[in-house]
Structures are given as C-alpha cells and as structure tokens.
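Everything below concerns the one structure shown next.
Quick note on labels: first sequence line is chain A, next is B, and so on, each numbered from 1. Just so you know, these numbers use all the heavy atoms, side chains as well, and skip hydrogens, waters and symmetry mates.
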Amino acid sequence: MPEGPVILLMKEHLQKFVGEKVIAVSGSEIEGSLIKGKTLKGIKLYGKQTYLIFDEINIRIHLLMFGSYEIDKQTKPTDNLKLGLSFKSGKAFFYTCSVKLLPNSFLETIDWEADVMSEVWNPEKAKTKMKKNPKMMICDALMDQDIFSGVGNIIKNEALFRTTIQPESLIENIPIKKLNDLISEARNFSFDFYKWKREGVLRKKFQVYEQKNCPTCRKPLNKKMTGKSKRTSFYCETDQKLF
DNA sequence: CAAATTGTTTAGCT
DNA sequence: CAGCTAAACAATTT
C-alpha cells in the first residue's frame, strides 16, 4: 500500500533505529557484510523511496506495488522477505520490494524539491516542469515521479476530483488558477491521506477512488484507463471539467 | 475464484 | 538513437 504518505509513516516507525548499530542482516538482495556493524545515521525519503543512510553508503528501498514492512515481529513468510535488519532495540523487515545499495554521492543527484510531502517541496518548480509538457494529460503529469514524487493513483484521482478537473485534460488547456489549485491539492490530499491512514479510516474517506457515485451529484462515476500510463481514473463527467 | 491493483523497470519495437 | 509500448514481476483483496 505504498504511496508517499505510507512511506512517511514507515519512516516514523523506523526512526527508533537511527543511531543504532546493525547487528545482523538477512535477505539476499544486498551484500550484508557491507552493512553489518555500521550505525544507521539517518533516514531520507524521496517520494516513494526510502534511503537508510550509513557512512559512505545507503540502502534504497522501494515497496513497488505490493511491498510491505514490519517492525520487530516477523509474521509474514520468509519467502517474501527481501531485507531484514536487526538492531539492539528491535528489527525491521521489508517484503516484496526493491532493495539496492548505493553510494551516498547518489543522494546529491536527487531533486528533493520534487517530493510533494517534503518541507522543501517547490510548487513553482512543478508548474514549470508541467508547462514544459503542454500536450501531456494531467493524469500522467500527476503520476510522473519527476514532477510529483510520492503521488500515486489514489492521490491522483482524489486531487483531480477536489479541483474538479477531468483526468484527460491537457496541461496547456488548464487555466493557471486551476493548475495552482491542483498542485496545492496534490500536497494537501497527501497529508490528509497520511492522517487518515494513521487513524485507520483512509478507505472511508475516498470520494471517487473505487467509489460508485459522485459525492456531489450522486450520478455514477466513470471508471476508465487514462493517459499514457493507462492507470485507472475514477471521475465524474458532470462535476469534473475537461479542459 | 478470476480479476484487479496504492508501481517501476526493461526488452523490444518503430 | 530517441521515443514509445508491452511485458514482466509481485501478493493481497474483491
């Protein structure tokens, strides 16, 4: 269940291990000897990616579509375990995910301002990137991890509904005010998602994603594969305008 | 229970 | 070679 907000929650769950030494490493994805005995210096996020920072190197984890994690207790099958880290105060388990060791110099190549949930998120930069792709559909722009890092299909659908924009609208046709609203809502909804996920009420809060009727006009919602990425969009023909 | 899915990379084509 | 698309991969839910 890994859009940006879930990754932020994961980071908080992992925070207690910062400052501790890795006692043991399991999983065959990385060379454990390079990590064993090293101290976890910090955790950085970039969209859906998590970087566990050590001296010189870091472990990048991406949960992809079906990945998950557990803290302290392993209840899931070891078959799916890609990485396990033991610390003094507990353990971290990562399942069905992408795991890669990278040099810390790699972190300097990341555009941190593209992360919608980051404190350095730069909405103006996102706008500039979108304007460079005037023929792009807005549904594809939202899913573009170089523009809206951390946004996934749920956030895409809900942010478009909140701003009453039809997913197949072309960037060049969307009024600038609408575009500004959308950029704001991509971040706002991400934080609502985060709060609701933590409270365990996320699914109840969806207005269009996996829903049958428009909350505004009560008419049936459209469900359609949209854009180049062909990801499912849920939207209301009446209340969302095609620009 | 078949089908769908909160995602990304890569092979292979034009 | 750039640009695009289809395929591959995965586990859980409906």
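Under 4.0 angstrom from either OP1 or OP2 of C:dA6 there lies no side-chain N or O belonging to A:Lys228. Taking side-chain N and O atoms only, A:His62 has no distance below 4.0 Å to OP1 or OP2 of B:dG7. Phosphate contact (OP1/OP2 of B:dT8, side-chain N/O of A:Lys48, threshold under 4.0 Å): present. Here A:Ser98 does not reach the OP1 or OP2 of B:dT8: none of its side-chain N or O atoms lies under 4.0 Å away. For B:dT5, the OP1/OP2 oxygens have no side-chain nitrogen or oxygen of A:Arg231 closer than 4.0 Å.
Tested against A:Leu52 for a side-chain contact (heavy atoms from CB on, under 4.5 Å), the candidates A:Ile43, A:Leu101, A:Asn58 yield a single pass: A:Ile43.
Between A:Arg60 atom CZ and B:dG7 atom P the separation is 16 Å, expressed in whole Å. Look at CG on A:Asn80: it is 16 Å from P on C:dC9, rounded to the nearest Å. Look at CZ on A:Phe234: it is 10 Å from C1' on B:dA4, rounded to the nearest Å. Following rounding to the nearest Å, A:Asp79 (CG) and C:dA10 (C1') show an atom-to-atom distance of 13 Å. Here B:dT9 presents its C1' atom at 12 Å from CD of A:Gln49, a figure rounded to the nearest Å. Residue A:Leu63 contributes atom CG, which lies 16 Å from atom C1' of B:dT9 at whole-angstrom precision. In this structure, CD of A:Glu70 is placed 10 Å from P of C:dT12, rounded to the nearest angstrom. Between A:Met137 atom CE and C:dC4 atom P the separation is 13 Å, expressed in whole Å.
Among the heavy atoms of the strands lying under 4.0 Å from A:Lys223 are primed sugar atoms or P, OP1, OP2 only; no base atom is included. Backbone-only engagement by A:Tyr209 is indicated by non-hydrogen atom pairs under 4.0 Å involving sugar-phosphate atoms exclusively.
Ring planes of A:Tyr69 and A:His13: tilted class, angle from 30 to 60°. Between A:Trp196 and A:Phe189, the two ring planes are perpendicular [angle over 60°; tilted spans 30° to 60°].
Checked for salt-bridge contact, A:Glu158 and A:Lys205 miss the test: no charged N lies under 4.0 Å from a carboxylate O.
Counting only Watson-Crick and G-U wobble pairs whose two distances sit under 3.5 Å, DNA chain C takes part in these stems of three or more pairs: B:2-5 with C:11-14, B:7-14 with C:2-9.
Sequence order on DNA chain C of the closest nucleotides to A:Lys230 and A:Arg203 puts A:Lys230 first from the 5' end.
Legend: salt bridge (charged side-chain N to carboxylate O under 4.0 Å, His left out) pairs involving residues 174-191 of chain A, not counting sequence neighbours, sorted by first then second residue: A:Arg162-A:Glu185, A:Lys177-A:Asp181.
A cation-pi arrangement, defined by a distance under 6.0 Å to the six-membered ring centre and an angle within 45 degrees of its axis, is absent between A:Lys195 and A:Phe191.
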request  = Apply salt bridge (charged side-chain N to carboxylate O under 4.0 Å, His left out) to the pair A:Asp111 and A:Lys125, showing each step before the final yes or no.
outcome  = CA-CA 10 Å; A:Asp111 176 14; A:Lys125 211 164 171 177; 3.2 Å; yes
